[in-house]
Amino acid sequence: MDSQRAKFLSIESNPITLARAIMSDQRRHPEAKGDLTMILSSLMLACKFVSNAVRKAGIASLIGISGSSNVQGEQQKPLDILANDIFINSLKYCNKIAALASEEETGIYIIDNPDEAKYVIAFDPLDGSSNIDVNVSIGSIFAIWKRPDYSKPVVLEDFLRTGAEVEVSGYCIYGSSTQLVIATKEGKVDCFTLDNSIGDFILTHPNLRIPKKGNIYSVNEGNSHFWDKSMKEYVNLVKTPQDDNTYSLRYVGSMVSDVHRTLLYGGIFLYPADKKSPNGKLRVLYEVFPMSFIVEAAGGKATDGRRRLLDIKAHDIHQRSPCILGSPDDVDTIVAIYAKNDEEEAKNTN
Ligand code: AFP
């Protein structure tokens with residue numbers, strides 16, 4: 001069939017699948033041993049399984065997927081625990097991961113590998129899980145680091161790294177479609193959409209770039225009473241129309257959804273520290289680092305208001321941090337407000 005006719009039938013005759021994209025990436029790095037290829041293939045499989053489980057959640061809840069028993073009296077796992085098991089099992093058998101850190105695990109989970117595995121991974125298997133029961137988009141988030149010395153047994157310090165040291169990070173969004181967004185340290189961000197009819201992720205948004213400036217701000221404004229002066233000033237500023245420029249507020253409360261929209265449409269996502277949560281809410285290793293890495297790779301910026309998020313060195317696998325990320329011009333505006341107010345405060349205390 002000629003390509004004209006295939007187009008007419010809306011059938012892509014030469015799709016770039018995720019597997020094909022990963023393989024061609026590997027070919028561009030002749031020194032690569034294929035370890036990351038194996039890890040990404042395992043993650044791709046895990047995301048497909050989780051996507052399938054998420055799609056069934058509404059029906060399965062009739063038989064008690066949220067931790068109760070089904071009609072046969074069998075105990076059902078909550079979806080986030082199920083997703084955690086799926087990720088662990090999928091990564092265990094690729095033999096390229098030495099240990100993992102998960103939102104669902106208290107400590108690091110060491111994998112007994114026959115060979116020296118060079119990589120560690122941190123992930124949130126199902127972020128935004130409080131949204132499951134109301135059918136709102138949720139996602140999985142991950143970041144992969146190379147171990148500084150993989151001839152030695154894996155240790156906690158292999159995870160206590162900066163975000164700038166991440167090799168690959170990504171997220172999978174289970175929304176109106178299932179999409180996997182992957183960023184590499186070369187600064188390339190690609191988005192693949194799951195085609196359920198063939199069971200494969202297809203490259204649909206190659207080389208994603210975040211708009212330089214947007215007109216959407218995304219924050220839980222219910223916490224505004226507890227914010228610091230700079231946060232209040234910034235949000236007041238975006239709510240005050242400047243010339244023809246007005247901002248809209250969009251907040252899902254599921255980081256993957258809010259960041260995905262910010263990446264595609266531009267604007268800013270904020271989860272600041274406040275009086276109730278002095279360190280913010282979001283977790284550094286498996287929320288803040290992977291999302292900041294993706295946003296920076298797409299040309300955006302990520303800060304806690306005063307410093308670049310990827311420069312933080314983790315000291316705990318479940319550590320939290322304030323998180324502000326998005327279009328570079330929007331992030332620059334709030335960073336300038338923090339700098340101005342900090343300077344004023346320093347003057348007043350001297
Ligand atoms: P859940 O996994 O408990 O739903 O939390 C989701 C999350 O970690 C992140 O995905 C959201 O951006 C953030 O919390 C929402 O927090 P608020 O509900 O405090 O706005």
Side-chain angles (χ1 to χ4, degrees), residues 47 50 53-54 57 61 65-67 77-87 101-106 122-143 163 169-175 178-179 181 216-228 231-232 235 249-265 267-295 300 302-305 309 314 316-326 331:
C47 291
V50 175
V54 168
S61 69
I65 201 159
S66 50
K77 287 183 182 175
L79 211 46
D80 41 5
I81 305 297
L82 183 70
N84 191 45
D85 289 353
I86 291 172
F87 266 77
S102 161
E103 211 248 337
E104 302 294 339
E105 303 288 326
T106 317
F123 58 82
D124 187 344
L126 208 57
D127 188 67
S129 46
S130 60
N131 289 307
I132 294 169
D133 290 346
V134 285
N135 209 354
V136 167
S137 301
I138 45 183
S140 307
I141 315 175
F142 63 86
S169 84
Y171 63 80
C172 189
I173 179 165
Y174 312 109
T178 295
Q179 293 186 312
V181 174
I216 297 174
Y217 72 105
S218 184
V219 67
N220 184 344
E221 222 171 328
N223 293 330
S224 60
H225 177 76
F226 305 102
W227 290 344
D228 63 24
M231 259 304 288
K232 285 181 182 161
V235 170
L249 167 64
R250 297 281 183 273
Y251 188 69
V252 177
S254 161
M255 190 188 195
V256 176
S257 312
D258 286 316
V259 172
H260 190 62
R261 184 200 51 250
T262 306
L263 196 61
L264 293 177
Y265 292 172
I268 191 162
F269 166 82
L270 313 102
Y271 208 111
D274 62 36
K275 286 197 188 105
K276 285 187 300 172
S277 323
N279 296 319
K281 177 181 181 191
L282 303 177
R283 311 292 188 146
V284 170
L285 283 193
Y286 41 83
E287 291 183 307
V288 174
F289 277 168
M291 292 311 204
S292 302
F293 186 86
I294 293 165
V295 166
T303 173
D304 67 0
L309 287 168
D316 183 285
I317 55 169
H318 297 297
Q319 165 185 347
R320 299 171 196 268
S321 165
C323 178
I324 299 169
L325 52 81
V331 175

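Order of listing sets the numbers, starting from 1, for every ligand and every atom in it. Heavy-atom basis, side chains included; hydrogens, waters and symmetry copies ignored. The residues of the chain are indexed from 1 along the displayed sequence.
- Under the 4.0 angstrom criterion for non-hydrogen atoms, D127 is in contact with ligand 1.
- Distances from atom 17 (P) of ligand 1 to the heavy atoms of N220, I141, L126, N131 put N220 nearest.
- Between N223 and ligand 1, no N or O atom pair is found at a separation short of 3.5 Å.
- With hydrogens and angles disregarded, a donor-acceptor distance shorter than 3.5 Å links the side chain of R283 to the backbone of H318.
- Residues I216 and L249 form no side-chain contact, since every pair of their non-hydrogen atoms from C-beta on lies 4.5 Å or further apart.
- Counting atoms of ligand 1 from 1 in the listed order, those under 4.0 Å from a heavy atom of Y251 are 15 (C), 16 (O), 17 (P), 20 (O).
- Side-chain contact between S321 and L309 is present, with at least one heavy-atom pair separated by less than 4.5 Å.
- Inter-residue side-chain proximity for V331 and I268 is flagged as met; some heavy-atom pair is nearer than 4.5 Å.
- Close approach of ligand 1 to S129 (heavy-atom distance below 4.0 Å) involves ligand atoms 1 (P), 2 (O), 4 (O).
- At a 3.5 angstrom cut-off on N or O pairs, S130 counts as close to ligand 1.
- In this structure, R283 falls outside the shell of residues with a heavy atom less than 4.0 angstrom from ligand 1.
- Among protein heavy atoms, atom 8 (O) of ligand 1 sits closest to E287 OE2, 3.1 Å.
- Nearest protein heavy-atom contact of atom 14 (O) of ligand 1 is K281 NZ, 2.9 Å.
- Between E103 and E287 the shortest side-chain heavy-atom distance does not fall below 4.5 Å.
- Proximity of M291 to L325: side-chain heavy atoms (C-beta onward) are separated by under 4.5 Å at one or more points.
- Residues H260 and V181 meet the side-chain proximity criterion, which asks for heavy atoms closer than 4.5 Å.
- For atom 19 (O) of ligand 1, the closest heavy atom belonging to the protein is Y271 OH, 2.6 Å.
- Taking each of R320, M255, M291 in turn, the one with a heavy atom nearest to atom 9 (C) of ligand 1 proves to be M255.
- Short contacts between ligand 1 and S254, defined as distances under 4.0 Å to a heavy atom of the residue, involve ligand atoms 10 (O).
- Under a cut-off of 6.0 angstrom, the local environment of OH in Y265 is sparse, with at most 12 non-hydrogen atoms contributed by other residues, nucleotides or ligands.
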